[in-house]
Asks: 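Below is the structure I would like to discuss, written out as structure tokens.
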Amino acid sequence: MPELPEVETVRRGLAKVMEGAVIERAETRRGDLRFPFPANFAGRLKGRTITALSRRAKYLLADLDNHDVLIMHLGMSGSFRVLDEGTEETPGSFHHERSKDEAHDHVVFHLMQRGRHHLVIYNDPRRFGFMDMIARDRLADDKRFANLGLEPTGNSLDGAAIARLFAGKAAPLKAALLDQRLIAGLGNIYVCEALWQAGLSPKRLAGTIVKADGSSSERCKKLAHAIREVIARAIEAGGSSLRDHRLTDGSLGYFQHSFKVYDREGEPCPRPGCKGTIRRIVQSGRSTFHCPVCQR
DNA sequence: CCTTGAACCTGGGCGC
DNA sequence: TGCGCCCAGGTTCAAG
């Protein structure tokens, strides 16, 4: 599922019931996801208040009212579902809202926020996701976070940033954009989409869009703009629901309807005037979808 | 430093 | 209906 737009969509849904909530109970239904849960995971969460829910790259970070941060990653198939259990007097709807796929409900947070109970359920069929908890002051040096690159949201990703990151790089653009140490949060879908929008071939070597003196170029600017626009529009759309991605209320994202190239092998290139056909190639062991005619 | 391939795991789709 | 194969949004590690 989840690249930056999906994770950000999930973050926004979870923040509504998690920020300011007390964790009355945390329940793990097996000993591990991708990795074992940290020692005494449930015990360390019990009674804590979540002060803020943020995102870095594809990670969700729940700040607790002590020294700890709860780290959550959705892997390929993770999703969160929020069930409103209501108040003591007016029980909520969760008894008829439970997901069908309870076999893969691996973690349940029982939350109390401003007098309302909520269940936050983590479901992950493939279990490539994980949760961890570390002291907040170790976050910056944690190897998962220390080397993360620029966020493609906000204003920092511009042509000059692309030029600085890509100067001298021999890797193809596809690989460079997937490299979380350069730009953080892009995945297979949005890299394909951004390259199409920028009119750049995924096979072109990253260093070749930078000017000889290492400064920005039209191609750098176009790429920076394309990435930011694709990511922003995907977040607005609630992300892309191919298989597992759900908003926290159970509804589907709809950016998949806006794909120009991803999973559209054999279809005509949607660029006005372009007579190309979308091709699928394999780079770094993953599918790349592109138009060989207008992406150069 | 680079790239590639495999591994982790379940399930959906397809051809037969 | 079933079986085998390929594929899938991510990350990490080993090997060349």
Side-chain angles (χ1 to χ4, degrees), chain A residues 1-11 29-36 55-60 71-80 99-106 122-132 142-149 152 165-195 202-208 230-231 234-235 237-247 252-259 261-266 280-289:
Chain A
M1 134 203 208
E3 305 180 30
L4 189 157
E6 290 74 35
V7 179
E8 177 59 22
T9 297
V10 168
R11 188 198 68 77
R29 300 198 170 162
R30 49 178 298 135
D32 62 89
L33 295 172
R34 174 160 190 182
F35 308 113
R55 178 193 57 73
R56 176 74 170 106
K58 301 168 194 171
Y59 295 89
L60 290 167
I71 301 167
M72 298 175 280
H73 195 288
L74 302 173
M76 289 281 267
S77 61
S79 63
F80 278 100
S99 80
K100 34 200 146 106
D101 202 9
E102 290 186 41
H104 299 301
D105 287 349
H106 302 309
Y122 179 68
N123 182 285
D124 189 353
R126 294 178 71 181
R127 301 199 305 277
F128 286 174
F130 61 87
M131 295 193 190
D132 196 6
D142 186 284
K143 69 171 164 45
R144 292 164 289 193
F145 296 93
N147 300 313
L148 285 177
L165 294 169
F166 287 7
K169 278 249 173 297
L173 281 173
K174 173 76 187 298
L177 291 173
L178 282 174
D179 188 340
Q180 303 294 300
R181 297 168 303 182
L182 303 178
I183 300 169
L186 302 182
N188 211 31
I189 292 175
Y190 298 107
V191 166
C192 293
E193 293 297 313
L195 285 170
K203 295 188 277 192
R204 174 190 271 274
L205 303 188
T208 67
V230 165
I231 292 296
I235 292 172
S240 304
S241 289
L242 297 183
R243 169 156 286 135
D244 299 301
H245 174 57
R246 291 282 188 288
L247 308 205
L252 298 170
Y254 54 89
F255 193 74
Q256 65 278 14
H257 303 302
S258 300
F259 289 169
V261 289
Y262 187 83
D263 207 18
R264 296 200 177 284
E265 183 182 22
R280 173 185 179 272
I281 61 174
V282 175
Q283 292 178 288
S284 328
R286 338 224 1 224
S287 290
T288 296
F289 298 91

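In what follows, chains carry the letters A, B, and so on, assigned in the order in which the sequence lines appear, proteins first and then strands, with residues in each chain numbered from 1.
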Asks: Verify the contact: side-chain N or O of Arg243(A) to OP1 or OP2 of dG11(B), cut-off strictly under 4.0 Å; return yes or no.
Replies: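 Answer is no, no contact under 4.0 Å.
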Asks: With respect to the side chain of Arg144(A), which nucleotide from dG10(C), dT12(C), dA8(C) is positioned closest?
Replies: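 Of the candidates, dT12(C) comes closest.
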Asks: Using a heavy-atom cut-off of 4.0 Å across all strands, would you classify Tyr262(A) as base, sugar-phosphate, or nothing?
Replies: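 Counting heavy atoms under 4.0 Å across all strands, the contact made by Tyr262(A) is with sugar-phosphate only.
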Asks: Asp32(A) has an atom CG; how far is it from atom C1' of dC8(B), in whole Å?
Replies: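 Asp32(A) atom CG is separated from dC8(B) atom C1' by 11 Å.
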Asks: Output yes when at least one side-chain N/O atom of Ser77(A) is less than 4.0 Å from OP1 or OP2 of dA8(C), else no.
Replies: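 Ser77(A) to dA8(C) OP1/OP2: no side-chain N or O under 4.0 Å.
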Asks: Tell me, please, which residues at least two apart from Lys58(A) pass side chain to side chain donor-acceptor pair (under 3.5 Å).
Replies: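 For Lys58(A) there are no side chain to side chain donor-acceptor pair (under 3.5 Å) partners, ignoring immediate neighbours.
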Asks: Output the distance between atom CZ (Arg181(A)) and atom CG (Leu165(A)), rounded to the nearest 0.5 Å.
Replies: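 Rounded to the nearest 0.5 Å, the CZ-CG separation comes out at 11.5 Å.
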Asks: Is any side-chain heavy atom of His73(A) closer than 4.5 Å to a side-chain heavy atom of Arg144(A)?
Replies: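 The answer is no, as the side chains (C-beta and beyond) never meet within the 4.5 Å cut-off.
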Asks: Under 4.0 Å from OP1 or OP2 of dT11(C): is there any side-chain N or O of Lys58(A) that close?
Replies: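 True: Lys58(A) side-chain N/O within range (under 4.0 Å) of dT11(C) OP1/OP2.
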Asks: Give a yes or no on whether a donor-acceptor pair under 3.5 Å exists between the nucleobase atoms of dA8(C), that is its base, and the side chain of Arg126(A).
Replies: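 Flag set: donor-acceptor pair detected.
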Asks: Rounded to whole angstroms, how far apart are CG on Leu178(A) and P on dG10(C)?
Replies: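 It is 7 Å, rounded to the nearest whole Å.
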Asks: Roughly how many Å apart are dG13(B) and dG9(C), using the P atom of each and rounding to a whole number?
Replies: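 After rounding to an integer number of Å, I get 16 Å for this pair.
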Asks: Ignoring backbone atoms, establish whether His104(A) has a side-chain N or O less than 4.0 Å from OP1 or OP2 of dG11(B).
Replies: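 Yes, such a contact exists.
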Asks: Base of dT11(C), side chain of Arg34(A) - is there a donor-acceptor contact under 3.5 Å?
Replies: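 Side chain to base: pair present.
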Asks: So if I take every side-chain heavy atom of His73(A) and compare against dA8(C), dT11(C), dG9(C), which nucleotide ends up nearest?
Replies: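 Nucleotide nearest to His73(A)'s side chain: dT11(C).
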Asks: Check the interface with nucleotides 2-6 of chain B: list each N/O to N/O pair with the protein under 3.5 Å, or write none.
Replies:
unit_1: dC2(B); atom_1: OP1; unit_2: Lys169(A); atom_2: NZ; d: 3.2

Asks: Under 3.5 Å for both pairing distances: what stems, at least three Watson-Crick or G-U pairs long, include DNA chain B?
Replies: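 Stem list for DNA chain B: B:2-8 with C:10-16, B:10-16 with C:2-8.
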Asks: Find the distance between CG (Asp132(A)) and CZ (Arg34(A)) and round it off to the nearest 0.5 Å.
Replies: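 Going from the CG atom of Asp132(A) to the CZ atom of Arg34(A) covers 13.0 Å.
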Asks: When the P atoms of dC9(B) and dC13(C) are compared, how many Å lie between them, rounded to an integer?
Replies: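 Each nucleotide's P atom is 15 Å from the other's.
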Asks: Would you tell me if any nitrogen or oxygen in the side chain of Arg286(A) comes within less than 4.0 Å of OP1 or OP2 on dC7(C)?
Replies: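 For Arg286(A), the contact criterion (side-chain N or O under 4.0 Å from OP1 or OP2 of dC7(C)) is not met.
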Asks: Between dA6(B) and dC6(C), how far apart are the C1' atoms? Round to whole Å, please.
Replies: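 Pairwise C1' distance, dC6(C) against dA6(B), rounds to 16 Å.
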Asks: Would you please classify the geometry between the Tyr190(A) ring and the Phe259(A) ring as parallel, tilted or perpendicular, with 30° and 60° separating the classes?
Replies: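 Perpendicular, since the angle between the ring planes exceeds 60°.
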Asks: Nearest whole Å is fine: how far is dG9(C) C1' from Phe128(A) CZ?
Replies: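 Atom CZ in Phe128(A) sits about 11 Å away from atom C1' in dG9(C).
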Asks: Quick one: are Tyr122(A) and Met72(A) in side-chain contact, heavy atoms under 4.5 Å?
Replies: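 Side-chain contact under 4.5 Å: no.
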Asks: Ion pair present between Asp244(A) and Arg126(A), side-chain N to carboxylate O less than 4.0 angstrom?
Replies: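 The answer is no: the pair does not qualify as a salt bridge.
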Asks: Rounded to the nearest Å, what distance is computed from the CD atom of residue Glu3(A) to the P atom of nucleotide dG10(C)?
Replies: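 Those two atoms, CD and P, are 4 Å apart.
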Asks: Please state the P separation for the pair dA7(B) and dC5(C) - nearest whole angstrom.
Replies: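 Here dA7(B) and dC5(C) have their P atoms 16 Å from each other.
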Asks: Does Ala57(A) offer a backbone N or O that forms a donor-acceptor pair with the side chain of Arg55(A) under 3.5 Å?
Replies: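 A pair under 3.5 Å: yes.
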Asks: From NZ of Lys174(A) over to C1' of dG9(C), roughly how many Å is that when rounded to an integer?
Replies: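 Spelled out: NZ on Lys174(A) to C1' on dG9(C) is 12 Å.
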Asks: Could you state the interatomic distance from CD (Glu8(A)) to CD1 (Ile235(A)), rounded to the nearest 0.5 Å?
Replies: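 The CD1 atom of Ile235(A) is 5.0 Å from CD of Glu8(A), to the nearest 0.5 Å.
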